[in-house]
Amino acid sequence: MKGTYLGEFEEIVLLTIGVLQGDAYGVAIKLEIEKRTERKPSIGALHSALSRLEDKGFIESREGGATKSRGGRRKRYYTITAAGKRTLVKANELRNELFNLIPNLSFYGLN
Amino acid sequence: MNKRPPKWADRLLEWFCSEEQIEILQGDLHELFEWRVEEMGIWLARLHYIKDVVDMLRPFALKKKRTTRFSNRIDMFRNNLKISFRSLLKQKTNSLINISGLALGMAVCLLISIYISHELDHDKFSENYDRIYRVTSHWGDFSPRSKTAMPVGPALKQDIPGIANSVRFMKVLTNDNSGIPIKYRDKKFAEEGLVSVDKGFLEMFSIEVVLGDATSALDDPDNIMLSEEMADKYFGDRNPIGEVLRVEDKFEMKVTGVFKSVNHKSHLYFDFITPITFMSEGRWGIYTFTQNWETTFGWTYIQLEELVDPTQVEALLPEFVANRYPENFGEDYGGFELFLQSLTDIHLRSDYTREIRENGDIRLLVQMAIIGIVILLVAAINFINLSTARSTLRAKEVGVRKTMGALKGQLIRQFMVESFLVTFIALLLAIGLAILALPRFNMLMQKEFIVEPAFFVQMLANGVILSASLAILAGLYPAFVLSGFQPVRVLKGGFISSREGGLLRKIFTTVQFATGIVFLFGLYVIYDQLQFIQTKEIGLDTSQVLVINRPPQSVKNEVIVNALKQIPVVELVSAAAGSVPGYDVSGATWSYHPEGFPRERRSMNTMWGYNDVVKTFGMEMVAGTDFSSVHDKDSLNALILNASAVASLGWTSEEAIGKSMGEFHWRQDQITPGRVVGVVKDFHFESLHEEVKPGVLLYTNNDFGNLIVKLNSYEGSEAIEAIEKTWNEVLPEFPFQVTFLDEKVAGLYAEEERLRQSINYFAVIAIFTSALGLLGLVSFVLMQRSKEIGIRKVLGAKTMILVKTLSSDFVRLIAIAFLISAPVAYYLMDQWLAGFAFSIDIGILPFVFALAAIAAICALTVGYKALKAAMTNPVEILREE
């Protein structure tokens with residue numbers, strides 16, 4: 001199994017999958033990310049990240065029914081696994097922890 | 001309207017995308033497309049679609065099939081490699097012979113390839129080397145001269161468009177071409193690398209300046225730049241910039257720069273650079289060359305503008321000569337022309353007179369290449385021979401593999417891997433060998449290759465190409481032979497004759513023998529000729545004669561001569577300049593008006609000599625007397641002719657005495673008078689490559705090129721010490737440089753001596769390799785015939801008769817090889833000897849020598865093996881049946 005390191009873009013994808021709650025498939029995730037962040041990931045980059053996340057065991061997928069709009073092709077829906085959730089929580093905690101460690105002073109300094 | 005994504009993009013996606021992924025990915029792409037059609041219209045949507053498809057070219061989406069195929073190949077390769085190692089180890093002697101033979105051949109080839117590429121790269125360090133040309137002077141049918149008159153360069157730049165720059169290059173030497181004394185504090189040396197150049201020189205040739213300012217370093221006539229080596233020699237660790245060198249004991253020159261020497265990679269040769277003004281502004285007194293169109297004082301280089309066709313510039317040169325040169329210039333010599341010579345042609349393809357130094361020779365390169373190829377061929381033949389001979393042992397393996405379903409291609413691959421393995425192991429060995437042999441190689445080729453990273457990389461690159469092509473060339477044939485076996489035949493346990501492919505093997509072996517014979521033959525002839533040269537009477541007694549370089553100024557001539565005469569070991573002292581034996585005489589041919597030939601001009605080798613010159617050189621007088629002060633005021637015009645000169649004028653020796661003979665001058669009233677006082681037997685001014693030409697000894701008491709000292713004892717080193725002491729007392733400001741005359745004369749044949757040594761090495765390598773191959777081959781043949789030998793022995797054959805039967809095959813091969821190679825060898829050596837005016841006759845001995853040596857080597861290898869086979873107890877061999 002590959003390393004369980006979570007990349008920045010991967011984290012966003014993972015979070016978005018969580019946000020979409022069972023309705024997360026390729027195009028939906030892409031549009032959601034576009035809506036909530038500044039960036040416009042290409043569908044190729046997105047699928048690449050999805051395949052990495054699946055390899056790492058953070059998400060799992062199932063194939064849904066065919067829809068007309070896709071020329072009768074099926075969608076693949078993604079959901080977060082328990083491991084994925086743990087990693088997300090851990091990443092969030094780490095971030096908060098580090099954030100809280102920054103003294104106010106340095107914020108003044110930044111302004 | 002058809003609102004669908006471009007079909008070809010879809011097809012592209014289907015082509016590269018893996019099957020598990022295609023439905024989902026294509027679905028997403030189509031959905032996005034439809035969404036985009038709404039948002040931004042069909043065209044942009046299509047564009048985005050194409051972009052997305054291309055963007056999908058990511059590892060996760062690609063078809064996986066290819067990688068699985070690849071990994072199988074790696075496994076097969078690993079297996080091939082393992083089998084190869086095993087089969088190498090299984091036959092250790094065979095592998096050893098094969099690899100060491102190849103390594104030896106490759107080492108030779110590597111060194112030669114490095115040498116050749118170094119020679120071909122000469123002068124290419126200059127950034128604009130393909131735009132630099134040398135201007136050369138051509139008089140009628142005379143061989144072209146590399147030098148030009150000094151006003152030519154600047155005038156060319158003025159007159160002819162397309163010339164970006166012109167640079168003059170002059171050597172600063174004494175009158176008799178020896179070094180200029182340069183002094184710094186207590187350090188003084190005679191330097192031959194002092195040159196004067198135009199300011200653009202550094203830039204034109206991209207000379208790297210490591211210290212000092214390149215743009216202003218040659219501004220002042222008193223400036224001098226020197227190479228790193230010279231900076232080290234004169235100043236050691238001190239910073240040379242601003243220090244003062246005393247040149248010619250006259251000029252105080254300020255060091256303004258240090259440059260990286262290019263002597264090892266250029267036809268140019270210089271250690272010290274001075275500005276051209278150093279020579280031109282009257283300092284040198286005698287040379288008022290800047291306006292002299294008649295004499296060729298130096299070399300002229302021009303750099304063309306980019307994209308200028310040199311032939312167009314050359315086409316303008318006749319007009320230039322007509323405009324600029326004096327009227328009717330060179331008419332006496334059949335016309336005069338200027339030509340351009342490309343910079344890259346100079347080193348290898350130019351043998352003009354008065355080159356800056358001796359150039360390389362493209363013919364030598366070709367010879368070296370041929371020798372390298374021949375030696376490699378010998379090694380490759382070993383490889384092929386041994387591999388095919390080995391086939392009998394591998395036959396069963398091939399049979400089993402084929403039965404198990406191996407394809408011919410797979411077997412070929414297996415054998416090719418073995419071939420590559422062997423050549424690459426050999427390559428590693430060869431690189432090691434080449435590095436070990438490098439010092440010797442440098443000595444032979446007079447080069448200075450050192451093992452540095454760049455050298456190593458080049459060797460590795462050459463080596464990899466070499467070994468790869470060798471592996472393919474030499475491996476292909478055995479691979480096809482071995483993989484072609486019929487499984488049924490080999491597995492039945494039937495007798496596989498080694499005679500399959502036997503003819504080819506015989507041809508190969510014959511070629512090897514033939515090569516060996518040619519080398520041995522050449523070796524004998526070269527050795528013989530050198531022996532002949534060294535023992536030939538040259539009309540001089542060169543033993544115990546010292547030659548001491550004299551400074552160009554004629555100060556204290558009598559003083560030093562008289563002082564030297566006081567030393568007990570010194571027998572005679574004289575002086576000589578010009579065509580002194582052992583020196584370059586190409587410049588010392590002068591013209592004369594002999595008595596009775598009023599309108600004729602005779603050109604003769606000319607040597608200036610002082611009192612006792614004939615006696616000191618050990619020449620033999622035929623008539624008249626040696627130079628001596630006895631002649632008094634007449635002596636200044638005294639001259640001595642050699643026998644050839646006398647004969648060419650139709651005189652007898654006695655008639656010649658007292659005849660007048662003036663030095664040629666184009667103005668009748670300026671002819672220097674001369675009177676013949678003696679005639680000497682012919683002696684060799686030059687090497688034995690040349691006939692003895694008519695020659696003249698002119699009396700001089702001021703222009704001493706060299707002091708000639710004859711010693712009366714054999715205590716050479718003590719005598720030299722005593723002489724140096726005297727020298728330093730009389731002429732403390734000049735460097736003391738001394739050589740023995742016999743060494744100097746032997747130096748004329750340095751090239752032949754080097755050739756002898758290299759042929760020596762090559763012959764040993766070629767023969768050693770052939771012998772190795774032969775050894776391997778014989779062992780296989782005998783192994784094949786071991787049963788035959790056993791049966792013969794049981795039936796009562798005597799050991800010696802067996803040996804004879806077994807070796808008869810090889811005797812026949814030697815005979816054929818000799819018949820083929822003897823005429824070739826004879827022709828080659830005859831050509832070589834034609835380069836000497838005095839040479840040996842080839843005769844029968846070299847043939848006998850070559851044949852006997854080859855036969856002896858074969859007898860040793862074959863005989864030893866055959867004897868061993870014949871002496872084996874037949875029970876050992878036959879009990880298996």
Side-chain angles (χ1 to χ4, degrees), chain A residues 1-3 5-7 9-10 13-14 16-17 20 22-37 39-79, chain B residues 1-68 70-71:
Chain A
M1 177 159 163
K2 286 181 188 165
Y5 167 79
L6 191 60
F9 181 61
E10 284 169 16
V13 174
L14 200 52
T16 313
I17 292 171
L20 286 172
D23 198 24
Y25 70 99
V27 177
I29 300 170
K30 177 179 153 60
L31 294 178
E32 188 69 19
I33 291 175
E34 281 179 17
K35 202 166 83 189
R36 293 190 186 275
T37 67
R39 60 174 98 193
K40 289 192 168 194
S42 78
I43 192 82
L46 177 65
H47 273 287
S48 182
L50 285 170
S51 115
R52 277 198 307 271
L53 285 170
E54 203 166 7
D55 281 348
K56 290 176 187 173
F58 294 157
I59 55 173
E60 32 184 35
S61 64
R62 64 186 164 79
E63 273 166 21
T67 45
K68 195 180 157 271
S69 69
R70 297 160 63 93
R73 295 182 186 84
R74 283 174 295 179
K75 294 175 184 172
R76 177 171 286 165
Y77 290 99
Y78 297 92
T79 47
Chain B
M1 193 177 162
N2 177 16
K3 289 185 178 174
R4 291 180 54 172
K7 245 200 186 118
W8 63 267
D10 254 351
R11 232 173 276 144
L12 177 69
L13 183 72
E14 278 153 30
W15 175 70
F16 71 73
C17 195
S18 74
E19 274 164 38
E20 311 98 77
Q21 310 259 19
I22 183 80
E23 188 179 347
I24 307 297
L25 294 178
Q26 211 168 25
D28 276 2
L29 283 172
H30 276 242
E31 193 182 331
L32 261 179
F33 176 75
E34 277 159 32
W35 181 76
R36 281 185 180 134
V37 171
E38 306 275 301
E39 291 275 306
M40 46 182 99
I42 180 84
W43 291 109
L44 277 178
R46 275 191 179 156
L47 265 176
H48 273 280
Y49 188 84
I50 292 166
K51 195 205 104 212
D52 277 344
V53 166
V54 175
D55 186 62
M56 206 52 95
L57 269 168
R58 288 159 191 269
F60 81 95
L62 295 183
K63 282 183 174 151
K64 298 289 190 289
K65 218 171 170 185
R66 219 168 291 169
T67 48
T68 53
F70 194 62
S71 75

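Per chain, numbering begins at 1; letters A, B, ... match sequence-line order. Remember, it's a predicted structure, so these values are computed and weren't measured experimentally.
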At their closest point, which heavy atom of [X] faces which heavy atom of [Y], and how far apart are they?
X: B:Ile24; Y: A:Arg74; answer: CD1-O, 3.7 Å
X: B:Asp52; Y: A:Ser42; answer: OD1-CB, 4.2 Å
X: B:Asp28; Y: A:Val27; answer: O-CG2, 3.2 Å

Part of B:Glu23 lying under 4.5 Å from any heavy atom of chain A: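 For B:Glu23, the contact with chain A is made by backbone and side chain together.
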
B:Leu57, part contacting chain A, at a heavy-atom distance under 4.5 Å: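 Contact with chain A is absent: no heavy atom of B:Leu57 under 4.5 Å.
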
Sort [X] into side chain, backbone, both or neither according to what part of it lies under 4.5 angstrom from a heavy atom of chain B.
X: A:Ala45; result: both
X: A:Ser48; result: both
X: A:Leu46; result: neither

Selection from A:Glu63, A:Lys75, A:Arg76 maximising heavy-atom pairs under 4.5 Å formed with chain B: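 Looking at each of A:Glu63, A:Lys75, A:Arg76 in turn, A:Arg76 comes out on top.
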
Spacing of CZ belonging to B:Arg58 relative to OG belonging to A:Ser51, to within rounding of 0.5 Å: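 One finds 10.5 Å between CZ of B:Arg58 and OG of A:Ser51.
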
Atom pair CD/CD1 of B:Glu31 and A:Ile43 - distance to nearest 0.5 Å: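 B:Glu31 CD to A:Ile43 CD1: 8.5 Å, rounded to 0.5 Å.
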
